[in-house]
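Just below is one structure, and these are the notes that go with it.
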2 protein chains.
Amino acid sequence: MSATPTSRSAPRRATITDVAREAGTGKTSISRYLNGEMSALSPELRARIEAAIERLDYQPNQMARGLKRGRNRLIGMLLADLTNPYTVEVLQGVEAACHALGLMPLICHAANEVEMERRYLQLLTTYRVEGVIVNALGVREETLRPVGGGGIPAVLVDRSVDGLVADIVGLDNRAAAELGTRHLLERGFRDIWFVVQPFEQVSSRRLREAAFRETMRAQAGARTQAGSGGADGDGGVARGHTLVLNLADAAQTEESLAEPDRAIEAANVTTATKAKEAVDAAGHPAGAPGNASRVAVFAANAPVALRLALHLKARYGAAWQTRVALLSIDDPDWAELTGITTIRQPTYDIGYRAVEFLHERIEGVQTSARDCLLPGELMVRASTAS
Amino acid sequence: MSATPTSRSAPRRATITDVAREAGTGKTSISRYLNGEMSALSPELRARIEAAIERLDYQPNQMARGLKRGRNRLIGMLLADLTNPYTVEVLQGVEAACHALGLMPLICHAANEVEMERRYLQLLTTYRVEGVIVNALGVREETLRPVGGGGIPAVLVDRSVDGLVADIVGLDNRAAAELGTRHLLERGFRDIWFVVQPFEQVSSRRLREAAFRETMRAQAGARTQAGSGGADGDGGVARGHTLVLNLADAAQTEESLAEPDRAIEAANVTTATKAKEAVDAAGHPAGAPGNASRVAVFAANAPVALRLALHLKARYGAAWQTRVALLSIDDPDWAELTGITTIRQPTYDIGYRAVEFLHERIEGVQTSARDCLLPGELMVRASTAS
DNA sequence: CTGTTAGCGCGTTCAA
DNA sequence: TTGAACGCGCTAACAG
């Protein structure tokens with residue numbers, strides 16, 4: 001007497017066969033209707049089908065379709081760290097592009113664990129995604145397809161993978177790091193620390209660090225040639241340092257920070273009074289005159305910048321910015337709030353382009369591996385005021 | 001003479017049939033091997049299968065499996081706003097739980113657009129996910145299954161959906177808002193603004209606002225009864241206001257903020273000198289003595305708090321915290337950095353529990369709808385110093 | 001224009 | 001212990 005004999009709930013969704021029966025026709029016509037081949041259907045049949053679908057609340061099973069045609073419109077999106085605002089922003093672009101291209105992104109978050117990344121990559125191939133966008137962690141996998149080779153089509157975001165020839169889209173790291181470094185030099189800083197996470201494995205970090213050093217070296221060369229104490233009237237050749245911060249280990253991080261701390265404290269002893277006078281009521285540094293003796297810290301990305309800011313605040317109090325200038329690649333929420341200068345990445349575009357590239361590969365485009373390097377934008381704020 | 005006749009790339013993955021042939025057996029045995037029914041396989045056959053799989057780098061097709069068994073281990077995760085750190089944190093918990101339960105989350109980001117949400121929900125059912133976790137925006141959908149009814153199993157996160165009886169897990173909003181309000185009262189604030197996004201549609205916002213008002217009312221009652229200017233020695237009854245901020249519209253937001261601004265400026269005129277004296281060199285408020293005349297702003301969540309902080313900083317300069325105290329539900333990165341007091345949500349647990357609930361439903365648990373309300377944790381920082 | 005047939009890759013009877 | 005045959009829901013050839 002009960003409605004359905006099926007134990008409980010889940011009233012088993014209608015299938016194409018059900019619809020065919022309901023509409024009094026064959027499955028083929030339904031399939032044609034679903035795929036928009038309207039020209040091959042009499043208006044009358046079409047109406048009946050429409051009605052049947054409506055009545056049964058029918059929704060085609062993507063899995064089955066995928067199985068048959070060999071493509072499921074799924075792409076994998078492998079993310080190293082969702083905690084990084086950069087990642088979320090890139091994701092926006094990815095979603096928009098997927099939407100536009102009729103793709104469905106499977107988002108996988110490796111949470112900075114190489115093992116997770118490996119597992120997810122395997123899972124993705126198991127679901128037969130048509131391609132993957134990889135913000136790599138440690139993929140050395142053969143799983144990924146080198147342009148034109150076997151494996152699954154992949155495009156890289158932000159970081160390249162050693163030995164893998166593939167499309168890559170991301171920030172123009174060299175230009176960005178140079179932009180930041182030059183900005184600091186122009187603003188008169190003479191003691192600059194580039195702070196970055198362990199960068200052997202991550203190409204973008206490597207490139208940024210290299211560009212920083214190169215720019216510092218070039219500057220030093222120019223100064224030396226022009227003779228020390230040149231026409232600029234500032235403190236002469238600037239000194240650059242690279243500091244590696246292993247954020248995964250809090251204790252180690254704190255230890256590493258002792259070095260720049262010494263520099264900061266030394267600098268502030270020298271010019272303590274000068275600096276204090278230069279500070280306006282708002283708690284911001286007054287600028288150039290003091291910058292020659294103020295130390296500048298250049299964070300390679302937002303997570304590093306955050307860690308630095310927290311440390312500096314804890315050590316030097318709320319007015320820490322009067323003693324240190326902080327500049328960062330990436331432009332997180334709190335940058336505006338705390339007034340630090342940043343280099344904003346075109347994150348949305350990065351994500352969008354990545355999907356476009358992948359889509360082309362999936363459709364069989366055969367060009368050789370492409371690099372899409374997008375420029376960063378310098379957002380000057382109070383921290384590096386001149 | 002070329003390796004494969006197939007046009008290019010994509011060397012078509014091995015299927016179960018290939019493996020069977022390679023191992024010199026039938027598909028059934030392979031299937032059994034894959035499903036761990038080892039007891040039904042002779043060690044010898046097992047070894048051959050193992051080898052064949054290895055050799056062909058075979059990976060079972062989840063889609064096909066799902067089609068056959070009627071379950072694909074996929075669950076949908078519908079997110080209202082990935083930009084909100086809350087969301088990302090919940091996601092961590094979700095991922096961990098999925099990992100543990102052998103589920104694969106399909107993450108969909110509605111980016112605060114109701115239309116997107118609707119589309120994704122439809123897409124998810126199209127992929128036949130076994131259930132969904134919904135951080136709802138405006139779902140009024142019949143798509144979701146009310147506990148024990150038709151539709152697809154769902155558990156709600158943070159927000160309930162009008163008219164939908166379902167499991168829900170999230171912050172204990174009433175307790176949290178009361179906790180925050182009480183904290184402000186205890187710290188001597190007598191002019192408190194609760195700031196929240198339009199809350200008709202979002203249950204958590206509604207609850208928080210109601211609890212705020214209730215707590216303020218209770219306090220006022222107590223004061224009045226005890227006679228004004230009671231033994232506490234502070235300014236007597238505190239006034240509470242609710243301000244609605246539509247973050248989607250910048251101009252409107254700015255306009256709305258004029259009201260509290262007037263209050264802030266009035267309060268500071270009255271006690272300008274007192275306040276200034278009370279401020280220490282670090283730029284932090286000295287505490288209670290000044291709090292009776294300082295206004296406090298209670299943000300209903302992190303996005304609101306950020307907007308407020310940006311506005312206040314723009315209007316009152318870097319030392320804005322000497323004029324206003326900011327308290328927020330949610331505990332974003334920058335809270336520690338800027339020293340504002342917050343109520344941290346047990347985000348990881350929320351995500352984890354949500355998946356557990358969903359998993360149970362999928363497995364057919366039949367209890368009535370459950371509410372899982374987790375407590376928030378007050379993180380006292382300098383902004384509400386006493 | 002329409003229906004019939006044969007798989008896609010896999011799990012599951014059911015016999016052997 | 002093993003394998004053959006059937007069908008999950010759908011699309012694509014091929015007839016009518």
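Worth knowing before you read on, the calculation uses all heavy atoms, side chains too, and leaves out hydrogens, waters and symmetry mates. Residue numbering restarts at 1 for every chain, and letters A, B, ... go by the order of the sequence lines.
- For C:dG3, the base has no donor-acceptor partner in the side chain of A:Lys27 [N/O atoms by modelled type, under 3.5 angstrom].
- OP1 or OP2 of D:dA12 has not a single side-chain nitrogen or oxygen of A:Ser31 nearer than 4.0 Å.
- Using a 4.0 Å heavy-atom distance criterion, B:Ile30 is classed as making no nucleic acid contact.
- Taking atom CG of B:Asn61 as the reference point, atom P of D:dC8 lies 18 Å away to the nearest angstrom.
- Counting distance only, with no hydrogens placed and no angle test, the side-chain atoms of B:Lys68 and the base atoms of D:dG7 include a donor-acceptor pair under 3.5 Å.
- Contact of B:Ser29 with D:dT1 (side chain to base): no donor-acceptor pair of N or O atoms is detected under 3.5 Å.
- Between the side chains of A:Gln59 and B:Thr125, at least one donor-acceptor pair of N or O atoms lies under 3.5 Å.
- Comparing B:Arg46 and B:Arg128, the nucleotide of DNA chain D nearest to each residue sits closer to the 5' end for B:Arg46.
- The OH-P distance, from B:Tyr33 to D:dT1, rounds to 17 Å in whole Å.
- In this structure, of C:dG11, C:dG3, D:dT11, it is D:dT11 that holds the atom nearest to the side chain of A:Arg65.
- For B:Thr28 against C:dT12, a side-chain-to-base donor-acceptor contact under 3.5 Å is present.
- Listed pair B:Thr17 / C:dC10 fails the phosphate criterion, with no side-chain N or O lying under 4.0 Å from OP1 or OP2.
- Between the base of C:dG3 and the side chain of A:Arg32 there is a donor-acceptor pair shorter than 3.5 Å.
- Across the protein-nucleic acid pair, A:Glu37 atom CD and D:dC10 atom P stand 15 Å apart, rounded to whole Å.
- Note: CE (B:Met63) to P (C:dG11) measures 14 Å, nearest angstrom.
- Salt bridge present: B:Glu360 and B:Arg370 bring a charged side-chain N and a carboxylate O closer than 4.0 Å.
- Checking B:Arg69 against B:Leu41, the closest nucleotide of DNA chain D that is more toward the 5' end is the one next to B:Leu41.
- If you measure from atom CD1 of B:Ile16 to atom P of C:dT12, you get 11 Å, rounded to the nearest angstrom.
- In this structure, a donor-acceptor pair under 3.5 Å is present between the side chains of A:Ser204 and A:Asp158.
- Distance, A:Arg71 CZ to C:dG9 P: 16 Å, rounded to whole Å.
- The pair A:Glu363-A:Arg71 counts as a salt bridge, with a side-chain nitrogen and a carboxylate oxygen less than 4.0 angstrom apart.
- In this structure, B:Asn72 places its CG atom 15 Å from C1' of C:dG11, rounding to the nearest Å.
- Between B:Arg48 atom CZ and D:dT1 atom P the separation is 15 Å, expressed in whole Å.
- A salt bridge is defined here as a Lys NZ or Arg NE, NH1 or NH2 lying under 4.0 Å from an Asp or Glu carboxylate O, and B:Asp57 with B:Arg13 meets this definition.
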